[in-house]
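Let me begin by presenting the structure, written as structure tokens, before commenting on it.
Everything numeric in this text was worked out from a predicted model, so none of it was measured.
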Amino acid sequence: MLPAEFYFTYDTLTLSQKLLGCELVHDSAEGITAGIIVETEGYLVGDPACHAYRNKTKRNAPMFGVPGNIYVYQIYGMYLCVNISSGGEGVGEAVLIRALQPTQGQELMQERRSRHKSASGKVLKEKDLCNGPAKLVQAMGITKLHNNFLVYNSEIYCNEPILADVEIVTTTRIGITQGADLPYRFYVKGNRFVSRK
DNA sequence: TTCCGGATTACCT
DNA sequence: GGTAATCCGGAAA
């Protein structure tokens with residue numbers, strides 16, 4: 001497992017890139033699910049798209065926790081996304097996890113994902129399990145209860161890189177209007193589990 | 001207290 | 001490629 005120091009060592013944009021290739025694991029009561037992080041975005045101080053841009057609130061408080069603190073928020077009334085706090089304690093920055101390449105518990109991922117979908121019962125292709133921030137939250141069984149869990153000291157944690165020396169593509173973030181030109185999105189080049197090229 | 005719009009997804013054509 | 005679904009947080013009044 002990656003130690004606490006890993007999250008303290010790097011600034012937010014560097015950490016966003018360092019996390020690519022690492023395995024995110026959730027050891028839950030239902031079973032273990034895991035996947036390699038293949039896509040991330042950084043949200044920084046002074047960045048208008050960052051939830052902590054204006055000030056600290058009840059919702060964004062987990063972003064101000066120690067690096068490695070988990071921040072889960074609801075979006076569009078029906079989805080959740082997960083972030084890892086970064087940039088130092090008391091600094092409102094975080095890394096958004098946007099896509100995973102499944103490595104463990106794909107069956108459980110299927111079940112959790114179909115639980116959320118409307119009663120179509122269709123079996124998803126493996127690449128559709130975790131190729132989006134809200135999708136991977138469903139597949140991994142992450143909820144708001146995981147707010148303020150530490151990613152190096154809880155049932156959710158990161159392992160050392162599985163993909164080594166990956167080639168990283170740097171581009172603009174998805175789904176935002178403020179700060180849309182900032183190159184704060186990173187993904188593993190050529191990986192088919194990325195949400196968008 | 002009211003109002004607005006969002007770090008998305010699934011399903012349709 | 002277009003759009004409905006769906007509701008909470010935060011800003012303004």
Side-chain angles (χ1 to χ4, degrees), chain A residues 11-13 15-17 19-20 24 35 37-65 67 69-87 91-102 109-148 151 156 168-188 192-197:
Chain A
D11 62 79
T12 297
L13 293 180
L15 182 64
S16 301
Q17 296 169 76
L19 283 169
L20 294 176
L24 182 69
I37 297 170
V38 295
E39 179 179 352
T40 59
E41 288 178 358
Y43 287 86
L44 308 187
V45 167
D47 163 14
C50 181
H51 285 180
Y53 180 55
R54 294 172 188 278
N55 46 36
K56 187 171 173 178
T57 67
K58 188 178 175 185
R59 176 177 69 148
N60 66 30
M63 294 180 78
F64 292 81
N69 198 43
I70 291 177
Y71 169 47
V72 181
Y73 70 93
Q74 186 180 30
I75 187 66
Y76 296 116
M78 52 173 95
Y79 298 112
L80 299 174
C81 296
V82 64
N83 295 253
I84 297 174
S85 175
S86 57
V91 178
E93 302 193 344
V95 179
L96 171 70
I97 310 298
R98 285 196 54 92
L100 301 177
Q101 173 177 342
M109 288 182 175
Q110 278 282 355
E111 189 194 321
R112 284 171 173 156
R113 293 272 287 120
S114 48
R115 223 182 271 164
H116 287 270
K117 290 194 315 170
S118 46
S120 60
K122 209 186 306 176
V123 176
L124 295 167
K125 294 173 182 166
E126 186 179 33
K127 76 166 178 55
D128 293 321
L129 289 173
C130 297
N131 63 342
K135 295 178 182 179
L136 72 89
V137 162
Q138 291 178 2
M140 295 289 281
I142 294 171
T143 71
K144 279 189 175 178
L145 297 176
H146 293 106
N147 261 318
N148 298 310
V151 79
I156 298 175
I168 297 172
V169 177
T170 302
T171 180
T172 53
R173 295 172 293 183
I174 291 177
I176 57 171
T177 52
Q178 306 278 313
D181 295 336
L182 299 169
Y184 294 168
R185 172 171 174 252
F186 310 96
Y187 66 85
V188 176
R192 70 192 190 94
F193 296 91
V194 169
S195 69
R196 291 203 222 169
K197 316 297 181 200

Open item on the list: To the closest 0.5 Å, what do you measure between NZ (A:Lys125) and CG (A:Asn131)?
Closed with: 11.0 Å

Task: Atom P, compared across B:dA7 and C:dG1: separation rounded to whole Å - done: 23 Å

Open item on the list: Show, in sequence, the C-alpha distance, side-chain angles and deciding distance for A:Tyr187 and A:Thr171, and conclude whether the side-chain contact (heavy atoms from CB on, under 4.5 Å) test is met.
Closed with: CA-CA 8 Å; A:Tyr187 66 85; A:Thr171 180; 3.9 Å; yes

With [X], which residues qualify under side-chain contact (heavy atoms from CB on, under 4.5 Å), at least two apart?
{"X": "A:Pro62", "value": "A:Asn69, A:Tyr71, A:Asn147, A:Asn148"}
{"X": "A:Ser86", "value": "A:Thr12, A:Leu15, A:Glu93, A:Val95"}
{"X": "A:Arg196", "value": "A:Ile174, A:Arg185"}

Task: Opening and closing nucleotides of DNA chain C in contact with chain A, under 4.0 Å to non-hydrogen atoms - done: C:dA5 to C:dA11

Task: Listed partners of A:Thr57 passing side-chain hydrogen bond (donor to acceptor under 3.5 Å, both in side chains), at least two apart - done: A:Asn60

- [ ] For A:Gln74, check side-chain hydrogen bond (donor to acceptor under 3.5 Å, both in side chains) against everything at least two apart and list the hits.
- [x] none

Task: Distance in angstrom units between A:Arg173 CZ and B:dA7 P, rounded - done: 10 Å

TODO: Starting at atom NE2 of A:His116, determine the distance to atom P of B:dC11, rounded to an integer number of angstrom.
DONE: 14 Å

TODO: For DNA chain B, find the residues of residues 40-62 of chain A with a heavy-atom distance under 4.0 Å and give them by number; none if there aren't any.
DONE: A:Tyr43, A:Ala49, A:His51

Open item on the list: Does anything in residues 125-140 of chain A come within less than 4.0 Å of DNA chain B? Heavy atoms only, and list the residues if so.
Closed with: A:Gly132, A:Pro133, A:Ala134, A:Lys135

TODO: Compare side-chain N and O positions of A:Thr177 against OP1 and OP2 of B:dG6 and report whether any pair is under 4.0 Å apart.
DONE: yes

- [ ] Kindly indicate whether the side chain of A:Val91, heavy atoms from C-beta on, has any atom under 4.5 Å from the side chain of A:Val45.
- [x] yes

- [ ] Begin with the C-alpha distance, continue with both residues' side-chain angles, and end with the deciding distance and a verdict on side-chain contact (heavy atoms from CB on, under 4.5 Å) for A:Ile97 and A:Ile37.
- [x] CA-CA 7 Å; A:Ile97 310 298; A:Ile37 297 170; 4.1 Å; yes

TODO: Pick out which of A:Lys135, A:Gln138, A:Met109 makes a side chain to side chain contact (heavy atoms under 4.5 Å, CB included) with A:Cys130.
DONE: A:Met109

Open item on the list: What verdict does the side-chain contact (heavy atoms from CB on, under 4.5 Å) test give for A:Tyr184 and A:Ile176, after you've listed the backbone C-alpha separation in whole Å, the side-chain angles of each residue and the deciding distance to 0.1 Å?
Closed with: CA-CA 12 Å; A:Tyr184 294 168; A:Ile176 57 171; over 6 Å; no

TODO: Sort by first number and list every stem of DNA chain C: at least 3 consecutive Watson-Crick or G-U wobble pairs, both distances under 3.5 Å.
DONE: B:1-6 with C:7-12, B:8-12 with C:1-5

Task: Candidate pair A:Phe64 and A:Ser85, rule side-chain contact (heavy atoms from CB on, under 4.5 Å), full reasoning - done: CA-CA 7 Å; A:Phe64 292 81; A:Ser85 175; over 6 Å; no

Task: Qualifying residues under salt bridge (charged side-chain N to carboxylate O under 4.0 Å, His left out), relative to A:Glu41, sequence neighbours excluded - done: A:Arg98

- [ ] Apply salt bridge (charged side-chain N to carboxylate O under 4.0 Å, His left out) to A:Arg113 and list each qualifying residue two or more places apart in sequence or on a separate chain.
- [x] none

Open item on the list: Is it the case that over 12 heavy atoms from other parts of the model lie below 6.0 angstrom from the NZ atom of A:Lys197?
Closed with: yes

Task: Residues from residues 69-79 of chain A lying under 4.0 Å of DNA chain C - heavy atoms - done: A:Gln74, A:Tyr76, A:Gly77, A:Met78

Open item on the list: Counting the atoms with a prime plus P, OP1 and OP2 as sugar-phosphate, which does A:Arg185 contact under 4.0 Å by heavy atoms, base, sugar-phosphate, or nothing?
Closed with: nothing

